[in-house]
Amino acid sequence: MHNFNSKFLASSHNRCYPFKLKPFIHCIHTSIAGSYDSTYHSNQLLNRLSKTGQIDDAQKVFDKMPQRDEYSWNTIISGYVSLGRLVEAKELFDGFSSRSSITWSSLISGYCRHGCESEAFRLFRLMRLEGHTPSQYTLGSILRMCSARGLIQNAELIHGYVVKNGFESNVYVVTGLVDTYAKCKHISEAEVLFKRLEYDKENHVLWTAMVTGYSQNGDGRKAIEFFRYMHAEGVESNQFTFPSILTACSSVSAHCFGEQVHGCIVRSGFGGNVYVQSALVDMYAKCGDFSGAKRVLETMEDDDVVSWNSMIVGCVRHNFEEEALLLFKKMHARNMKIDDYTFPSVLNSCIVGSTDAKSVHCLIIKTGFENYKLVSNALVDMYAKTGDLNCAYAVFQKMLEKDVISWTSLVTGYAQNSSHEDSVKIFCDMRIAGVRPDQVVFASILSACAELTLLEFGKQVHSDFIKSGLRSSLSVENSLVAMYAKCGCLDDADSIFVSMHVRDVITWTSLIVGYAQNGKGKESLRFYDAMVSSGTKPDFITFIGLLFACSHAGLVDDGRVYFQQMSKVYGIEPGAEHYACMIDLFGRSGKLDEAKELLNQMNVKPDATVWKALLAACRVHGNLELGERAATNLFVLEPMNAMPYVMLSNIYSAVGKWDGAAKIRKLMKSKGITKEPGCSWIEINSRVHTFISEDRGHPRAADIYSKIDEIIIRIKESGYVPDMNFSLHDMDREGKEVGLAYHSEKLAVAFGLLASPQSAPIRIFKNLRVCGDCHSAMKYISAAFNRRIILRDSNCFHHFKEGECSCGDYW
DNA sequence: ATAGGGTTAG
């Protein structure tokens with residue numbers, strides 16, 4: 001028993017070495033009385049070697065032992081487990097015939113720690129089959145894994161086991177449950193268990209789990225509230241509690257409270273803990289207090305990568321991209337470790353453009369970080385946000401393991417680059433791939449639905465969101481308000497708005513724009529007043545919505561006031577968008593001179609929308625000179641757009657210059673520009689039905705055409721007169737009337753009347769502006785058939801009801 | 001001999 005090798009002797013501490021101190025007589029006694037004593041000593045040695053990670057030496061001791069008891073086996077097995085050498089642990093486990101609950105727990109804890117879910121649960125079942133009762137250790141291990149991997153369903157099963165087997169007041173087990181529920185976003189369940197457990201100030205783990213739960217649930221306020229309560233109760237915080245509460249402070253930018261926590265840390269003596277320090281740096285940096293962050297950094301003994309990462313994130317968030325890059329370069333210069341959190345932060349500074357994205361990407365490849373999920377997610381996001389969707393997709397496709405964040409980056413990227421259809425497609429692919437959406441991707445896809453006015457799909461996403469059980473967020477609610485408003489469902493937008501506890505400038509602006517688009521400009525202005533009284537400051541986009549509202553409601557004086565207000569009161573310089581609204585406003589109300597004056601005053605370059613507004617005004621008021629100027633500019637800005645040609649030609653016709661009109665049409669033809677055909681569509685039972693003028697391609701064309709005949713007869717009875725000005729064809733009166741009757745929007749409404757229930761509103765979409773005759777017909781139809789018709793054309797919404805339209809015939 | 005809580009990324 002003394003022939004250990006020299007390596008072992010050298011590595012052991014002699015004063016703990018039991019054998020040398022044992023009197024000789026003991027050895028003799030041992031050899032006579034059997035191996036009890038020798039086993040005891042060997043076990044002690046085994047334990048020490050296992051615990052210090054010298055597992056190979058422990059194995060040698062174990063091999064040489066003449067007699068091994070349960071303790072020996074369990075010790076060596078747990079030694080392998082703690083080093084993560086599960087294969088060896090399992091081999092020993094299989095070779096040990098009198099396994100106990102401890103043996104099982106040891107091995108299970110190993111699989112749990114290394115995230116081998118299925119193996120852990122398999123052993124958990126087998127253990128019970130072999131007649132061993134899981135202990136608080138077994139349950140604790142399993143719950144820790146559930147918590148780390150978000151296995152809420154498994155945790156609920158374990159919860160059932162806990163109740164049935166009398167572990168309900170076991171501190172370790174219940175703390176594990178609280179932690180799991182809190183981390184898996186079931187915070188109310190965690191609260192119930194927390195309250196039910198015996199009040200114990202010393203159970204720091206439990207209290208900390210609650211703080212972390214609130215913080216990680218995205219509820220920094222509640223975390224701070226709980227921490228206050230905890231403090232008031234005299235429960236002490238430790239090196240685990242402080243980082244958690246500081247994260248909560250960062251998330252809600254609670255700088256002042258963060259400083260108070262810093263005070264507690266200094267008094268507590270945990271100020272030297274690197275987790276606490278890095279959390280402090282993070283809190284200060286995220287709150288924009290860089291001198292505070294630097295003060296903490298300077299007290300730290302070593303360069304800490306986490307703290308530096310936090311500094312970079314802080315710089316990027318406060319728009320100091322140059323400094324972020326400088327910090328990154330310093331990390332290099334100091335030869336610091338760089339980890340998979342460093343690159344995502346640096347890549348964020350590429351989005352604003354101060355850093356060359358390609359060179360960072362190269363560095364990522366060179367340093368071998370491209371296979372890290374965080375890094376490749378950030379690459380996808382960066383390329384998507386900078387508009388390089390091909391690169392974004394290429395990185396995405398190369399990823400071995402895509403998570404909800406990878407998908408979200410792509411969905412958001414396509415949406416932000418106006419590829420809303422692709423964004424919807426990718427969202428569907430994500431669902432097919434079985435990835436569960438989170439709040440961020442829900443907000444993103446709902447915005448895409450708003451832009452596409454995809455009401456039915458948007459409603460499905462909304463109910464999906466409710467069913468997901470995810471907590472609502474400001475951005476989800478904002479997207480819902482925008483989606484319903486943009487889809488013409490003002491009541492739904494309203495009820496979301498009313499239910500919101502927190503609103504920001506985006507919420508109000510969505511509503512202002514939504515009401516304006518739906519022909520309710522006056523309500524838009526009311527919302528603006530309410531917004532200002534609530535203390536929310538309007539921004540650049542709010543004023544676009546506001547001026548848009550004025551122009552669509554013909555509120556010239558209000559428009560003038562707001563236009564002045566935006567620069568004088570709020571210091572927002574008008575952009576081309578604002579000028580376009582103002583010119584539109586003046587143009588529609590016949591104030592062409594003022595429109596022209598404003599155009600000449602512009603201190604930004606007029607864009608296409610400005611010229612379009614002006615051209616439309618010239619068309620209405622027959623101003624050829626200004627119209628020519630507007631059209632000529634549009635020919636350059638949008639060379640393939642037929643609209644300016646058609647408009648200009650119409651202006652020529654209106655002032656009797658027929659050859660001028662013919663010349664423009666010829667020019668248009670010679671350039672190969674064709675007018676976009678009018679197209680209307682309607683969604684019935686999740687299917688989109690599309691119609692173009694005089695279209696007979698629909699399977700129910702015969703029904704639709706006889707329905708139109710019925711419609712025309714009925715509305716003529718109540719006073720409808722076809723307006724031939726909107727007829728395209730050179731035909732006799734009767735031929736023109738027939739052509740008018742089969743415009744795409746009339747085909748769509750006829751189909752809507754046939755295929756939807758009496759009480760349902762009919763929602764029609766049109767790619768161009770609604771024609772004047774169809775607009776008039778829709779009013780009569782809404783009265784004669786007692787139906788609400790909502791028509792979204794390329795410009796705005798028309799809500800037809802009882803013979804009236806929301807636009808007041810002004811559009 | 002077996003168990004529980006913490007920082008940085010969208």
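Heavy atoms only: backbone and side chains are in, while hydrogens, waters and symmetry mates are out. All chains are named by letter (A, B, ...) in the order of the sequence lines, taking the proteins before the strands, and each is independently numbered beginning at 1.
For A:Ser278 against B:dT7, a side-chain-to-base donor-acceptor contact under 3.5 Å is present.
Taking side-chain N and O atoms only, A:Arg113 has no distance below 4.0 Å to OP1 or OP2 of B:dG4. For the OP1/OP2 pair of B:dT7 and a distance below 4.0 Å, the side-chain nitrogens and oxygens of A:Gln216 include at least one atom meeting the criterion. Phosphate contact (OP1/OP2 of B:dG4, side-chain N/O of A:Arg144, threshold under 4.0 Å): present. An OP1 or OP2 oxygen of B:dG4 is reached within less than 4.0 angstrom by no side-chain nitrogen or oxygen of A:Tyr172. OP1 or OP2 of B:dG10 has not a single side-chain nitrogen or oxygen of A:Lys385 nearer than 4.0 Å. The phosphate of B:dT8 has neither OP1 nor OP2 within less than 4.0 Å of any side-chain N or O from A:Lys337. For the pair A:Arg99 and B:dA1, the criterion of a side-chain N or O lying under 4.0 Å from OP1 or OP2 is not met. Within the 4.0 Å cut-off from OP1 or OP2 of B:dG10, at least one side-chain nitrogen or oxygen of A:Asn348 is found. Between A:Lys183 and B:dG4 there is no side-chain N or O to OP1 or OP2 distance below 4.0 Å.
Lacking a ring centre under 5.5 Å from that of the base six-membered ring together with a plane angle below 30°, A:Tyr275 does not count as stacked on B:dT7.
In this structure, A:Met145 places its CE atom 18 Å from C1' of B:dG5, rounding to the nearest Å. For the pair A:Asp302 CG and B:dT7 P, the interatomic distance rounds to 21 Å; values are reported in whole Å. Atoms CD1 (A:Ile338) and C1' (B:dT8) sit 14 Å apart, rounded to a whole Å. Spacing between atom CG of A:Asp282 and atom C1' of B:dA9 amounts to 11 Å, rounded to whole angstrom units. Between A:Tyr214 atom OH and B:dG6 atom P there is a gap of 16 Å when expressed in whole angstrom units. As rounded to whole Å, 21 Å separates atom P of B:dG10 from atom CZ of A:Phe442. Rounded to a whole Å, the CZ atom of A:Phe194 is 13 Å from the C1' atom of B:dG5. Distance A:Leu379 CG to B:dG10 C1': 13 Å, rounded to the nearest Å.
A:Glu236 has no carboxylate O lying under 4.0 Å from a charged side-chain N of A:Lys201, or vice versa, which leaves the two without a salt bridge. With respect to the salt-bridge test (charged N to carboxylate O, under 4.0 angstrom), the residues A:Arg99 and A:Glu70 do not qualify. The pair A:Glu119-A:Arg122 meets the salt-bridge criterion, since a charged nitrogen lies less than 4.0 angstrom from a carboxylate oxygen. Between A:Asp56 and A:Lys60 there is no salt bridge, since no side-chain N of the basic residue sits under 4.0 Å from a carboxylate O of the acidic one. Salt-bridge annotation for A:Arg85 and A:Glu88: present, with a side-chain N of the basic residue lying under 4.0 Å from a carboxylate O of the acidic one.
Minimum atom distance to the side chain of A:Ser135 is reached by B:dT2, of the listed B:dT2, B:dA1, B:dA9. The side chain of A:Ile102 approaches B:dT2 more closely than any other nucleotide in the set B:dT2, B:dG5, B:dG10. Closest approach to the A:Phe240 side chain among B:dG10, B:dG6, B:dT2 is made by B:dG6 (side chain taken as heavy atoms from C-beta onward). Of the candidate nucleotides B:dA9, B:dG5, B:dT2, B:dG5 has the atom lying nearest to any side-chain atom of A:Asn238. The nucleotide whose nearest atom lies closest to any side-chain atom of A:Gln239 is, among B:dT2, B:dG6, B:dG10, B:dG6. Of the listed nucleotides (B:dA9, B:dA1, B:dT2), B:dA1 has the atom at the smallest distance from the side chain of A:Asn47. Considering only side-chain atoms of A:Asn203, the nucleotide from B:dA9, B:dG6, B:dG4 that sits closest is B:dG4. Distance from the side chain of A:Asn309 is smallest to B:dT8 among B:dT8, B:dG5, B:dG10. In the set B:dT8, B:dG10, B:dA1, the nucleotide with an atom closest to the side chain of A:Val313 is B:dT8. Ranking B:dG4, B:dT2, B:dT7 by closeness to the A:Val205 side chain, first place goes to B:dG4.
Within 4.0 Å of A:Thr175, counting heavy atoms only, lies at least one base atom of the nucleic acid. Contact annotation for A:Asn273: base contact, defined as any heavy-atom pair under 4.0 Å involving a base atom. Among the protein residues, A:Gln277 comes within range of no part of the nucleic acid, since none of its heavy atoms lies under 4.0 Å from any strand. Heavy atoms of A:Ser409 sit nowhere under 4.0 angstrom from any nucleic acid atom. At a threshold of 4.0 angstrom between heavy atoms, the contacts of A:Asp438 include nucleobase atoms, whether or not backbone atoms are also involved. A:Val306 comes within contact range of at least one nucleobase, with a heavy-atom separation under 4.0 Å.
With no hydrogens or angles considered, no side-chain donor-acceptor pair links A:His255 and A:Tyr284 at under 3.5 Å.
Nearest approach of A:Ala448 to A:Ala415, heavy atoms of both residues: CB-CB, 4.4 Å.
Scored by the side chain to side chain donor-acceptor pair (under 3.5 Å) test, A:Asp339 finds A:Asn309, A:Thr342 as partners (sequence neighbours excluded).
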